[in-house]
There are 2 protein chains.
Amino acid sequence: MDESTRSSEKLRQAVDVFWETFPPLWRMIHVHIREVAVEQFNITVEQFHILRHIRRGRDSVSALAEAKDISRPAISQSVDLLVTRGLIVRSIDPQDRRHVKLDLTADGNALMDAIFGDTRQWMMKTLEPLSADEIQALTCSMESLKKIL
Amino acid sequence: MDESTRSSEKLRQAVDVFWETFPPLWRMIHVHIREVAVEQFNITVEQFHILRHIRRGRDSVSALAEAKDISRPAISQSVDLLVTRGLIVRSIDPQDRRHVKLDLTADGNALMDAIFGDTRQWMMKTLEPLSADEIQALTCSMESLKKIL
DNA sequence: TGTTAATGGTTAATTGTCGAAACTATTTTA
DNA sequence: TAAAATAGTTTCGACAATTAACCATTAACA
């Protein structure tokens, strides 16, 4: 077995273990967020993700649509709902009057703080069984993944 | 700073880098699967996930509903569609006639083989820039995550 | 400079998916 | 044997997503 064959076997192995791990993990997180977001704050998980993106600086309908890979009208409607809920505000950019800037309100920020705080607690609790080395390896792995995205 | 404070800082760090990495990564995968599943095979990503679960042994409506955390009627309807598409078959378990066993048809299996093959190729290509050590660390991390789920 | 194209966003109409409630059928339990 | 629990489906209402058409603004260019 030559070098490249061996390394491609490793790759394949990584991909396979990925499929056994990521989907259930993501699902757990999804379920947890839903519990907090829906039951405590009465917003859907999708709305949570929109708020999350706005908080991270995606401040227009187009940017959100691109980030979430759904249509602009769909975003526009969700934004409508979140505006009426008082969680975000629209404001027109004087530099480019086509651009409608989106920002979290104080309420929106407070809600996100609460959900993130809660989720972080939960995730920390979930990861607690791991050893310090495993935590370290996990962090490094994610750093290297982030690098290639 | 005592021992437990330091380790909880590490945990928090892991959680934070997680949030910067996972959602965009998952989105990329989602987009890729959609490209293959929708454009080549004309099924939705959600349908793909149902087929994936069936393939992995979740062979009843209830098991799928539990695994995906959505209602049984929703699953039942999706299953309906996939049956009419000829991708899965329902069969009644003679041992327990309430239980409707779900199985992929030859077509369904072929479709999943194709999507998985394609996706694996794509993921391997995506992970290729990583060094052998990084791949190794990634695999280990996912093994340890799998352990605690 | 004035027309055209591109960008950013919304509205309207349609489709599709999900969930709750109600139902049938089967099996388990008391 | 009657009641309860389990497995699945059907119906119906609510919500979310898409496409097409639209308005406003800015950029491109002939």
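All figures in this text were calculated on a predicted structure; none of them were measured in a lab. Naming: A, B, ... by sequence-line order, numbering from 1 per chain.
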Residues within residues 47-69 of chain B bordering DNA chain D, heavy-atom distance below 4.0 Å: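 The answer is B:S60, B:V61, B:S62.
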message: Below 4.0 angstrom, which residues in residues 71-96 of chain A have at least one non-hydrogen atom near DNA chain D?
response: A:S71, A:P73, A:A74, A:Q77, A:S78, A:Q95, A:D96
Could you check how far [atom1] of [X] sits from [atom2] of [N], rounded to whole Å?
| X | N | atom1 | atom2 | result |
| --- | --- | --- | --- | --- |
| B:R97 | D:dA5 | CZ | C1' | 18 Å |
| B:H99 | D:dG8 | NE2 | C1' | 10 Å |
| A:I70 | C:dT15 | CD1 | C1' | 16 Å |

[X] side chain near [Y] side chain, heavy-atom distance below 4.5 Å:
| X | Y | value |
| --- | --- | --- |
| A:M123 | B:R12 | no |
| A:R90 | A:D103 | no |
| B:K10 | A:T139 | no |

query: Does the gap between the ring centers of B:F22 and A:F22 come in under 6.0 Å?
result: yes
task: Over 60° means perpendicular and under 30° means parallel, so classify the ring planes of A:F48 and B:W19, tilted if in between.
output: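 Geometry flag for A:F48 against B:W19: perpendicular rings.
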- request: Look only at the side chain of A:Q47 and the backbone of A:T44, and say whether a donor-acceptor pair between them is shorter than 3.5 Å.
  value: yes
message: Just verifying a value: how many Å separate B:L149 CG and B:M142 CE, rounded to the nearest 0.5 Å?
response: 12.0 Å
- prompt: So does A:R52 have more than 12 non-hydrogen atoms from other groups sitting under 6.0 Å from CZ?
  reply: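 Counting neighbours around CZ of A:R52, more than 12 heavy atoms of other residues, nucleotides or ligands fall under 6.0 Å, so yes.
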